[in-house]
Structure formats: C-alpha cells, structure tokens
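Take a look at the structure below.
Lettering of chains follows the sequences in order, A, B, ..., and the numbering in each one begins at 1. Note that this is a predicted model, so its numbers are computed, not measured.
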Number of protein chains: 2
Amino acid sequence: MERPRIRDYFQWDLSQNETITPKQRAILQASLDLFAEKGFDQTSTSDIAQRAGVAEGTVYRRYKTKAALRDAILAPITAHIVPILASDFSEDKLRQRYPSLQAFVTAIFTDRVAFAKANVKELKVIFEMVAFDTERREQILSQIAPKMVKQMGSVINQLKADHLIVDWPNDLILQSLLSQLFGYLAQLMLELPGTEIEREQAYLITVMTKILTPGEHDQITGQ
Amino acid sequence: MERPRIRDYFQWDLSQNETITPKQRAILQASLDLFAEKGFDQTSTSDIAQRAGVAEGTVYRRYKTKAALRDAILAPITAHIVPILASDFSEDKLRQRYPSLQAFVTAIFTDRVAFAKANVKELKVIFEMVAFDTERREQILSQIAPKMVKQMGSVINQLKADHLIVDWPNDLILQSLLSQLFGYLAQLMLELPGTEIEREQAYLITVMTKILTPGEHDQITGQ
DNA sequence: AAAATAAGTGAGTGATAACTCATTTTAATG
DNA sequence: CATTAAAATGAGTTATCACTCACTTATTTT
C-alpha cells in the first residue's frame, strides 16, 4: 500500500473535485478568501454569495450550514495534515540514517514549509477555529502529538547516539522545532512586512541546524 | 524625566483604576476571560452579564459598545506595549556595551517573556483583533517597527563590530528574535501541553544565544 | 431623614444574519 | 423540440444579539 508523497497535497485544485459547478467552485473560493481576510464570524453568507457572484440560496444548496461550508473548505487539508505533520518519518526515512544534522533538519522542514506556504489561507482559518475551540484543539493534538513524539523520537535518539544533535530532552528538541515553525507561520499569516519569504526555508534550516548542533552553549541556565 | 520600569506594567490590577465599582470590575474580568476563551464575536454581551453576575444593561452603563468594552480591557496594555516591545534600549542600555551576546539576549527576552506570561489573555484578544484587521495591524506595526529597527540596529551593529554576533543582515537577526517570541506566544495562547512553562525563559535565551553566536553554520544556503 | 445623584435593572427594539422554500432558469436526455 | 432533472434564485422566516430606556435600588450629600 503506497503512501502518497507530500507534494501531492500541495495546491488544492478545488475544481477537480467530482462534479462541481463553476458557481459551487466560486463559493468555495470566496469563502476561503473571506474567512482568511475577515475571519469566520465576520463573514456573512451574504458576503460569500456576493463575492462569488451568486444568490444566497445557492450557498445553501450543497452545504447545510456555514460551518459545513468551512469544513468543506478544510476537508482536503485536514484529511492530510496529520500525515504531513507527524509522519513522513515512519518508513524509508526512519530506517535510513541521517548522515548529518543538516540532512535531518532539511528533511523535516523542506516539505512542511512548502506545505505551509501553499496553504496559508487554509491554515489561517484552521488557526482561528482551533484558537477558540479547546475541544477540537485537544482532539487534533491527541491525534498528532503521540505519533510525532514517537516517530521523531527514534530519529532524534539515533542522532544523539551519534553525537550529531544537542543533548536535550526530546520534548525540548521537538518544542524548538515547533516553535520555529509557529514563528514562521505567524509571519506568513500576518503578512508581516520586510520579509523576503523566499529565503525563509533556507533560513529556517540554517537556524534549526544551529540550534540543534551540539556545542558549548547547551546548558540551559535556570533563572 | 523618568521612564517607568517594565515591571511596573505587569499584573494589571483593574480594581485600582479610579472609582470602579465591584460590578464594573466583574464585567471587565468576565469580558477578558470570555474574549480569551471563546473569541470576541462568539461572546455575547448577555454572556458577559451572566458571567459577571450582572444585568445586561449594566454592561452598557459605562461602555457604549461592545468594542469599547474590549478597548477598555486592552487600554492599559496597548498604552504600554509599544515601549515594552520597541524601547528599553534607548537610554542606559544602549550606551552601555553588552559584554557578551548572552547578556544582550537576556536583556531582550527576560522582561518581554515575563510580560507575555503575565498578559496571555490580553495578548490573545489583541491577536484575534489584529489577525483580521489589516488596517489596525499595519498601523500598530508602523509605530513599532521603525523604532525597533533603529534602536536594536545600533546594538546589533555594536555587537557585530566586536564579532560577538553572527554576520547576518540586521533584519534577519530581528526576524529570528521575533520568530522565537511568536513561537513562545503561540505555545502560551494555545495552551499546548507537555510544556514546562517555567523553563521557557531560560530556554529561549539559550536558543537565541546559540542562533546568534558566530560560527560555521552561518551561511544561509539557497534552495 | 430628606433630597439628590449615581448605579443597576431587565423588558423591549431594531437590525442583522443564518437558513428555508416555492418558483424560475439552465442543462441533460430521448 | 419536448420532457425531465438538476441548479440557481431571492423574497421570506426565525432567532439572536447589540443596544436603549423608563424605572428601581443603592449611595452620597445636606
């Protein structure tokens, strides 16, 4: 059974979904744009209809509720966000030793950064949803976190055995990886100016490698 | 003219504001809690009244609109957020040379992390507001960014001259500082589990020092 | 204690927004 | 072209929510 490559998840083409009329496609696109621009609650269904060039009733033809419409937008990305975040380390990559720390970091970030870049709007909508819905957040986390800890854990332990990575507890290492990703995401979503997005990926890899390289500054001084 | 120390901004005691009745104080507290829990739009004024143990009319006695109530909550923090983020480097600290990179990083993060920790709820409300209000975001940024770039810039240049900091463009250095802060903030606001918040400050300083220490991995490799 | 001022109340109001449905328009099929 | 099915429409319904106001209760002043 073949796992799909991460690149296949990029660039959702909403139009290739089954039989979907141009108007329905316009509704999905308008919703995504508006939710990302103004937020879910601040977007009315009449806003969506107007932006999509459609009557309001058309919005409700396929999606029973506004929330269902949001779910439909996020369906493709949520369906694959778990494997993208947590896996990709299970099979081939796990068994192959990482020759260097940089190789490990590159493996982690390359696809994930590209994925984030290709789905900024969707991620923003997810963030808004998850920020104020504790239940949903914990549900998602309980799916992702254990896999991540387990799969990444083995790789990290390998690197530790080879003295290729800093001797921190694994959760701290994971935390710095995540923290770095969050910082990057925030920049994308808030459209912070003065950022050459193009150099981001290389920058992230450089910084992350630097953080995790064993060295003299590794002692975490208490306060 | 004495500038207030950052510690003075911590821990807003809403009750010490002028003449404020217990009920008004309860309204402010309930609003802050609910806005941070459920989000601004998902919180109705009747929710607030109920949580505060007050009639709905009472909410509107002092604050003309729901937005004005939010502004009132954020007033103290927004009044001081600019100096906290951007300054504290203008006078004494700027003139005194930083003996080490760690001293510089510690100076930057200690207060800011403590501030973030003491104002998680407020920051969450601000984030929600700013995330979907481009105008307001740019307005705030245009206030903060130039000061930050200017004041931090001089310090960074000094450290560069002494070869105490990595030879990256200043905006890239600033970006990594910010990115690190964002990552930390995200953890706070999303209440991500498995995080010993107490070690965060020491961790941030360690990591940031490591990132900015000049070394062999400084080349940012293109993709 | 009486008068005056301020604080608090909650039923009521207008507007908005999510959602419905009878009808019309478009597309598919024989 | 006629028939049928699907898609689209937009006026209408219902519920919620921000906000008001005439009135009551508490507090201060004289």
List in chain and number order the residues that pass salt bridge (Lys or Arg N to Asp or Glu O under 4.0 Å) with B:Glu138, two or more places apart in sequence or in another chain; answer none if no residue qualifies. none
Taken in chain and number order and not counting sequence neighbours, the residues that satisfy ring pair (Phe, Tyr, Trp, His ring centres under 6.0 Å) with B:Phe109 are none
Side chain to side chain donor-acceptor pair (under 3.5 Å) filter on A:Ser176, not counting sequence neighbours, yields B:Tyr203
Can you list everything that forms a ring pair (Phe, Tyr, Trp, His ring centres under 6.0 Å) with A:Phe40? Sequence neighbours excluded, please. A:Phe35
Show me the protein contacts with nucleotides 9-13 of chain D, counting only N or O atoms at under 3.5 Å.
residue	atom	partner	partner atom	Å
D:dT9	OP1	A:Lys23	NZ	2.9
D:dT9	OP2	A:Ala55	N	2.9
D:dT9	OP2	A:Thr58	OG1	2.5
D:dG10	N7	A:Gly57	N	3.4

Tell me, please, which residues at least two apart from B:Lys150 pass salt bridge (Lys or Arg N to Asp or Glu O under 4.0 Å). none
Show every ring-ring contact (aromatic ring centres under 6.0 Å, His included) that has at least one partner inside residues 134-155 of chain B, sequence neighbours left out. none
With sequence neighbours left out, what residues match A:Phe132 under ring pair (Phe, Tyr, Trp, His ring centres under 6.0 Å)? none
Distance, rounded to the nearest Å, where B:Arg25 contributes CZ and C:dA7 contributes C1': 18 Å
When you measure from every atom of DNA chain C, which of residues 36-49 of chain A have a heavy atom less than 4.0 Å away? A:Thr43, A:Ser44, A:Thr45
From OH of A:Tyr63 over to C1' of D:dA7, roughly how many Å is that when rounded to an integer? 14 Å
Mark yes or no for whether A:Thr110, through its side chain, and A:Ala107, through its backbone, hold a donor-acceptor pair below 3.5 Å. no
Of all the nucleotides listed (C:dA18, C:dG8, D:dT20), which has the minimum atom distance to the side chain of B:Tyr60? D:dT20
B:Leu34 CG - D:dC17 C1' separation (whole Å): 15 Å
